[in-house]
Structures are given as structure tokens and as C-alpha cells.
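Here's the structure, in C-alpha cells; my notes come after.
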There are 2 protein chains.
Amino acid sequence: MTKKVTITDLAARAKVSVTTVSQILNGKAARFSSKTVEKVKQLQQEMGYVPDFNAQSLIRKSGRTIGVLVPNINNPFFSQFLRGIEAEAIKQDYVPLIFGSNNSEEQETHYLFESVRRAADGMIIASAVSDINYIDNILNQNGIPYILIDQAPVVKGDRVEANNQKGGQLLADYLIKKGHTNVVVVGAEKPTLNLQERLEGFADVYQKNGTPIADDRIITTQMTKKGGYAATAAVLAMKPTAIFAINDEVAIGLYRGIEEAGLKIPDDISIVGYDDIDLSAYIFPKLTTVHQPAFEMGSSAAQLIIKRIEDHKEPLQQVSLPVLLIDRDSVRSIG
Amino acid sequence: MTKKVTITDLAARAKVSVTTVSQILNGKAARFSSKTVEKVKQLQQEMGYVPDFNAQSLIRKSGRTIGVLVPNINNPFFSQFLRGIEAEAIKQDYVPLIFGSNNSEEQETHYLFESVRRAADGMIIASAVSDINYIDNILNQNGIPYILIDQAPVVKGDRVEANNQKGGQLLADYLIKKGHTNVVVVGAEKPTLNLQERLEGFADVYQKNGTPIADDRIITTQMTKKGGYAATAAVLAMKPTAIFAINDEVAIGLYRGIEEAGLKIPDDISIVGYDDIDLSAYIFPKLTTVHQPAFEMGSSAAQLIIKRIEDHKEPLQQVSLPVLLIDRDSVRSIG
DNA sequence: AATTGGGATTAAACCGGTTTAATGCTTTTT
DNA sequence: AAAAAGCATTAAACCGGTTTAATCCCAATT
């Protein structure tokens with residue numbers, strides 16, 4: 001590899017100052033003679049000059065990066081969400097630094113500090129097992145704007161959400177209409193706010209229906225397929241007619257457990273999920289669930305945070321994306 | 001937010017030179033009096049000084065980043081692979097810049113240049129729809145070491161692979177033992193080398209068995225669930241007793257298509273996949289497939305590229321990870 | 001007393017750019 | 001003919017660090 005061409009090299013060969021080169025290449029060429037402009041641009045091609053990114057970052061005080069914290073890259077909802085972020089970020093010449101916290105407070109903190117150290121211009125946080133005030137503190141202290149996904153910020157700030165309360169309600173209405181009042185919920189051990197809301201919306205409807213959900217009918221587990229699978233025994237022991245799995249991953253785990261218990265969905269037991277990961281239309285039977293626009297949530301989040309980065313005075317924005325009940329085959333009507 | 005503390009501020013308050021501060025904080029403190037060392041460290045805490053990452057990157061000519069190119073973040077195999085990279089990279093104070101090419105040559109090229117522009121210290125490339133020589137050229141020209149996953153580099157270089165040839169053979173042996181000679185393969189439209197090898201290993205065994213697989217029995221489609229689903233009709237039209245789906249995602253798409261065609265797996269038709277994504281143990285019936293150690297492939301790749309980054313003279317390394325047939329329930333014995 | 005040798009510290013150059021405030025030269029304007 | 005205005009260009013400061021090559025001071029040698 002040939003040694004890297006610097007702006008000084010280019011200036012020398014063009015017999016002009018580095019200032020001139022810099023100005024021209026940054027489009028502030030209005031005041032230069034077209035002869036000079038041509039010469040410089042020509043040489044740039046010839047020598048293959050590309051400005052040093054780190055040098056630019058230093059002086060501009062920005063490396064055009066966005067720190068992104070999710071619980072788990074592996075969850076299809078989040079990987080879709082990340083795709084949305086990536087698409088929008090790249091479009092605006094930013095790059096996401098993606099971190100998976102695995103729901104560990106320790107890792108979350110570590111990644112938070114890593115983002116700070118690397119001088120991320122902003123952050124998108126879809127995982128917050130730690131205290132939100134704590135996060136807010138660290139980030140504020142370092143002047144890094146951030147946006148919480150699906151978690152109402154304690155402090156006011158930009159926000160992207162898909163109405164979880166509503167999603168829960170949709171599901172409850174649906175289940176009640178199909179005759180299911182004997183229901184078990186499989187939720188998170190340490191629920192983030194969005195999960196809480198999801199559950200609240202769900203429980204509210206049942207409450208109003210005169211068939212409230214008792215506390216012991218909410219079983220908690222990890223938000224993974226494995227977690228769902230592990231919860232099966234406890235769930236079935238309560239003999240519900242329907243299960244609300246707080247997300248699709250958990251539902252898939254339950255599918256497996258239920259199958260192995262010799263039961264059939266939806267004939268013997270009904271189940272609904274949440275997220276509408278693309279897989280949910282492939283499993284048997286197709287899962288009835290609430291669609292969250294993961295990709296759009298990602299791209300909106302990126303859009304918002306970039307706006308905030310580039311203009312700290314922008315008025316606060318809240319993007320609320322619609323949720324939608326996807327009626328498929330995992331619930332049957334009962335008498 | 002209070003304005004950022006610089007090394008100059010700290011030096012001023014400690015009444016020493018910035019050199020002193022820099023040396024001490026970088027552990028080259030051997031020659032400083034313990035009094036000075038203490039004072040500086042004390043003040044660092046007090047003032048919350050953190051060296052500016054961009055400034056460090058400039059002078060060190062490294063931002064400690066690794067560009068990572070995968071076809072699709074959404075594919076569970078790759079998201080697992082990415083987790084492996086992340087874990088190892090972070091451990092060594094690097095950060096991955098993750099890009100999904102979506103198998104588009106255009107995007108791939110774009111991300112390649114983006115990595116170059118951002119001065120990635122190295123790259124891990126698990127997606128190569130473009131000509132490998134082309135990639136090699138760009139990266140070499142810029143002195144960026146890279147490592148190809150599962151793709152034999154045209155030029156010699158470090159390599160991480162899980163033996164695809166072997167994986168294909170395993171599957172073929174298995175299928176033949178179960179009596180399946182009437183087989184259809186569902187492969188990629190633009191197969192990368194690993195997919196080709198997978199298929200070669202598979203076809204070789206059938207060849208040697210005296211029951212070669214005719215060219216028209218290889219159906220190509222996209223490497224997604226949707227792609228698998230879309231291929232169903234063509235596959236079933238050939239009335240095979242077994243299907244080899246070139247990866248699990250495709251297999252899942254086929255599951256759906258087969259179910260909708262009113263057929264039952266494995267009673268009416270058998271199917272095997274490749275990758276052993278965690279989902280394959282959850283679907284019905286559980287999928288027989290070849291396990292690839294995605295996480296380990298990621299962490300090995302990261303380890304290798306970091307070694308290469310930090311010492312360009314290191315001897316070339318090839319890591320070959322074992323593949324393993326996972327015998328589950330999607331194939332029945334016939335004959 | 002002059003020289004040597006360390007230990008402790010720092011001035012200054014440098015990394016590769018961007019930006020502000022000049023500096024010359026012409027050309028107009030008064 | 002002097003002053004003002006315009007155009008093209010650049011010197012120099014700066015971003016926030018790291019590193020090399022001094023410098024300073026005092027104790028130990030010769």
C-alpha cells in the first residue's frame with residue numbers, strides 16, 4: 001500500500017496553500033478562480049486524496065456516530081429495528097455503534113460509558129434495565145442527546161413509541177370476543193416500561209370486562225424462546241383457555257412446550273403474541289399477534305436523534321407509530 | 001452540561017505541563033515523582049477528565065473500529081455471528097461497524113468505501129456478492145487488513161471457516177442412509193463460495209452413491225424464509241422424498257409452503273436445513289440440520305483480524321471450526 | 001572545582017485537517 | 001489621485017491530544 005495522501009501533499013503539488021485545497025474541497029470555492037478549482041479537483045482524483053476521517057472528527061468535534069443500545073441483537077424484533085436505524089443513519093452519513101446489553105445492567109453501563117468515551121453524537125436506547133435517571137445523568141453530563149424507545153423518559157425528551165397500551169387492549173378485546181376469560185399472561189421478570197404498558201392495557205380491559213386477571217396468573221420469565229419454553233409447565237398447570245405471551249419470541253417457546261405436552265394450538269389452548277416478527281407468519285399455526293413497525297421505529301428514532309444532534313434547539317418531538325392486530329390462526333372461539 | 005475538560009485544563013490546575021499529564025495517564029509514569037503522579041490522578045477524578053477519543057484516534061492513526069459486512073442482520077445465523085464479533089471486539093477495546101449489504105453489490109461497494117473513509121482498522125467480510133479481487137484491491141490499496149468468512153480468499157490471507165464441504169457430505173450421508181435418493185436441493189441464486197461448497201459436498205456423495213443429482217433438481221431462490229416459501233411449488237412439482245434447503249431460513253419457508261400444500265413433514269416429505277439457528281429446535285417438527293458455530297465463528301474472526309491489525313507480520317492463520325449434524329425430526333426413513 | 005549522571009519535568013513538533021483574519025492586487029468610486 | 005471595494009489567496013491559530021528531544025537541578029565522581 002502506498003502511503004496515505006494528505007492535504008499537504010496535494011497542496012504542494014498544486015502549488016497552493018492547504019487552506020485553498022480545504023476550501024475548495026468543502027465547496028466553499030465561490031471565491032477561487034476556476035483555474036485553481038479545476039487544478040485542485042483534478043489532482044484530488046489523480047492522487048486519490050480522501051480527507052482523514054479522524055482529523056475531521058477532531059476538529060468538527062463529531063465522528064458522526066450514534067450509539068445504539070438494544071437488549072439483544074438476536075431477537076428478530078430488534079434486528080429489524082436495527083435495520084431501520086442503519087438505513088436512516090447511513091443516508092445521513094452517520095454510522096450506528098451497535099451494542100447488545102443482554103439485559104445485564106453491568107453491560108448496559110459499560111456500553112453507555114463506551115459510547116461516551118467514543119464521543120457518540122447521540123444515542124438510541126431500547127434497553128434500560130438500569131435506572132433511567134442514572135442514564136439521563138451520564139448522558140446529560142456529557143452533552144449527548146438520546147432517545148428512549150418505548151420507554152417514557154422520566155425527563156422530557158424526544159420519543160418514539162408504538163402504543164403499547166393500545167396493543168394490549170387490542171389483544172384483550174380480541175380474546176374476550178372469542179370467549180376467553182380464563183387467561184394466563186407470560187411476562188418479563190424485569191419488565192421495561194413498554195412491557196408494563198402492554199400488560200396494563202391488557203389487564204385494564206379484562207378488569208372492565210368484570211373478569212380481572214389475578215396477580216398469580218401472571219407468570220414471569222426471560223424474554224426468549226427458551227424463557228417461553230421454560231414457563232410452559234407453570235402456565236399449563238393453571239389450565240387457561242388462552243395465553244398472552246408478552247412477545248412473539250416467548251410465544252414460540254410456548255408453542256414448543258405446548259406441543260410437547262401433547263396439546264394442540266388452538267384446539268386445546270389459544271395463544272397470542274406481540275411484535276409480529278416475520279417468523280410469526282411461518283410457524284404452525286400462524287400466530288395471532290400485534291404488529292409493531294420495527295423497521296419504521298428504527299428509522300424514526302434515527303431521524304429524530306439526528307435532528308436533535310444537529311440542532312439542539314429543535315422543538316421536542318414524539319413519534320407515535322400505529323400498532324395493529326394481526327388476526328391469524330392461534331386462537332379459537334370458545335363457547 | 002459543563003464544557004468538556006481537556007488535558008490542558010487539567011495540566012493548568014495541577015500546575016504541570018500537558019506532557020506530564022499525558023505521560024502519567026498513559027502509565028509511563030515511571031520517571032515522575034509519586035507526589036506529582038498522585039496529584040494528577042487525583043485531579044483527573046475530581047475534574048472527570050476523559051481523553052478525547054477523536055484526538056487520540058488522530059494521533060494514533062486508529063479509531064479502533066472493525067468494519068463488518070454481512071448480507072443481512074436479520075438472519076439469525078448472522079445475528080449470532082455478530083454477537084460473537086461484538087463480544088470479542090469489545091473485550092479488546094474495538095468496536096464493530098456493522099453493515100448489512102442485503103446482497104446488493106451496490107450497497108456492498110458503498111459500505112466498503114464507507115469503511116475505508118472511516119478508517120476502519122480492519123474488516124470482517126461475510127458477504128461478497130462483488131468480485132473478491134475487487135474487494136481485495138480496494139482494501140489493500142488502503143492498507144486495511146480483512147478476513148473473509150467462509151469464502152476462500154483468492155489472495156492468501158487469514159481465514160475462518162466451518163467446513164461446508166463436510167457439512168454437505170454429512171447431510172447427504174444421512175439422507176442416503178435413510179433411503180432418500182430422490183432429492184431436490186433449494187439453493188441460492190447467486191451462491192457465495194460457502195454455499196457452493198455446501199452443495200458440492202452434498203452432490204459428491206450422491207454422485208459416488210451412484211444416484212447423482214441432476215442439474216434441474218437444484219432450484220434457486222432467495223436466502224430467506226420468503227424465498228423458501230416461494231420455491232415450494234417448484235420443489236413439490238418434482239415429487240422428491242426429501243429436500244435439502246441450503247440454510248435453515250429457507251427450510252422454514254418451505255415448511256410453511258409444504259404445510260399449505262397439505263403435506264406433512266416428515267411423513268409425506270423429509271427436509272434438512274443448514275446452520276442450526278436456534279429456531280430450528282422450536283419449529284414443528286424440529287429440523288434436522290448441520291450446526292455451524294456462529295458465535296464462535298464471529299469471535300474467532302474478530303480475534304484473528306485484531307491480531308492482524310496489531311501485527312501485520314503475524315503468520316497467516318486459518319481457523320477451521322467443526323460442523324456437526326444435528327439429528328432431529330424432519331426426516332423419516334423410507335424404503 | 002569541574003565533570004558526570006540521573007531523576008523529574010517540559011518545550012516544541014506533530015497528527016491532518018478547518019477556519020478566521022489577514023494580505024496583496026486590481027478595479028471602481030469619489 | 002486617493003480611498004474604497006472586490007477578488008484570489010494564504011498565514012497562522014486551532015482542535016486535543018502524544019512523543020521526541022531537550023532542559024533543569026542536584027547528588028555523586030574524578
Side-chain angles (χ1 to χ4, degrees), chain A residues 2-41 43-44 47-65 93 116-121 142-143, chain B residues 2-41 43-44 47-65 93 116-121 142-143:
Chain A
T2 47
K3 209 161 149 298
K4 201 183 175 188
V5 184
T6 74
I7 197 174
T8 314
D9 303 338
L10 176 40
R13 279 210 29 202
K15 295 191 198 303
V16 298
S17 72
V18 298
T19 308
T20 302
V21 176
S22 176
Q23 304 268 37
I24 288 176
L25 264 30
N26 284 305
K28 318 201 164 152
R31 315 184 51 74
F32 290 92
S33 73
S34 56
K35 198 183 54 161
T36 310
V37 171
E38 282 318 307
K39 187 170 42 173
V40 168
K41 288 192 170 165
L43 246 44
Q44 175 192 23
M47 309 176 67
Y49 168 70
V50 179
D52 182 284
F53 198 80
N54 291 137
Q56 290 188 140
S57 298
L58 171 56
I59 194 165
R60 293 183 173 150
K61 293 182 192 305
S62 161
R64 299 190 82 80
T65 59
D93 195 20
V116 170
R117 183 170 74 102
R118 291 200 174 247
D121 297 309
N142 290 279
Chain B
T2 46
K3 208 162 151 297
K4 199 182 176 189
V5 183
T6 74
I7 197 173
T8 315
D9 303 337
L10 176 40
R13 279 211 27 204
K15 293 191 198 304
V16 298
S17 72
V18 298
T19 309
T20 302
V21 177
S22 175
Q23 305 267 37
I24 288 176
L25 264 29
N26 285 304
K28 318 200 165 152
R31 315 182 51 74
F32 289 93
S33 72
S34 57
K35 199 185 55 166
T36 311
V37 171
E38 282 319 305
K39 186 171 45 174
V40 168
K41 287 191 170 166
L43 246 44
Q44 176 191 21
M47 308 176 68
Y49 167 71
V50 178
D52 182 283
F53 198 81
N54 291 137
Q56 291 189 139
S57 299
L58 171 57
I59 195 166
R60 293 183 173 148
K61 294 181 191 304
S62 161
R64 300 189 81 79
T65 59
D93 194 20
V116 169
R117 183 171 75 102
R118 292 201 173 244
D121 297 308
N142 290 279

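Naming: A, B, ... by sequence-line order, numbering from 1 per chain. The structure presented is a predicted model; accordingly, all values stated were derived computationally and were not measured.
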Q: Please report the closest heavy-atom contact between A:Met47 and A:Val5, naming both atoms and the distance.
A: O-CG2, 3.2 Å

Quick one: [X] [atom1] to [N] [atom2], roughly how many Å, whole number?
X	N	atom1	atom2	result
B:Lys35	C:dA8	NZ	P	11 Å
B:Gln23	D:dT19	CD	P	8 Å
A:Arg31	C:dA21	CZ	P	15 Å
B:Ile24	C:dT10	CD1	C1'	12 Å
A:Leu25	C:dT18	CG	C1'	12 Å
A:Phe53	C:dG17	CZ	P	13 Å
B:Leu58	D:dT18	CG	C1'	10 Å
A:Asp52	C:dT18	CG	C1'	13 Å

Taking OP1 and OP2 of [N], is either one under 4.0 Å from a side-chain nitrogen or oxygen of [X]?
X	N	answer
A:Gln56	C:dT18	yes
A:Thr20	D:dT10	yes
A:Arg60	C:dT18	yes
B:Ser22	D:dT19	no
B:Lys61	C:dG16	yes
A:Asn26	C:dT18	yes

Q) How many angstroms lie between OG1 in A:Thr20 and CG in A:Leu25, if you round to the nearest 0.5 Å? A) 11.0 Å

Q: Kindly compute the distance separating OG (B:Ser33) from NZ (B:Lys39), expressed to the nearest 0.5 Å.
A: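 Atom-to-atom, B:Ser33:OG and B:Lys39:NZ are 7.5 Å apart.
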
Q. Between residues 5-19 of chain A and DNA chain D, which residues have a heavy-atom gap below 4.0 Å?
A. A:Val16, A:Ser17, A:Thr19

**Q.** Flag, side chain of B:Asn54 to backbone of A:Asn54, donor-acceptor distance under 3.5 Å
**A.**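 Judged by distance alone, no pair lies under 3.5 Å.
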
Q) So what does A:Tyr49 touch, heavy atoms closer than 4.0 Å: a base, only the sugar-phosphate, or nothing? A) sugar-phosphate

Q | Side chain proximity check, B:Thr19 to B:Ser22, heavy atoms < 4.5 angstrom | A |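 Not touching, per the 4.5 Å side-chain cut-off.
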
Q. Picking from C:dT18, D:dT9, C:dC15, which would you name as closest to the side chain of B:Ile59?
A.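 The listed nucleotide nearest to B:Ile59's side chain is C:dC15.
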
Q | Among A:Val50, A:Val21, A:Leu10, side-chain contact (heavy atoms from CB on, under 4.5 Å) partner for A:Gln44 | A | A:Leu10

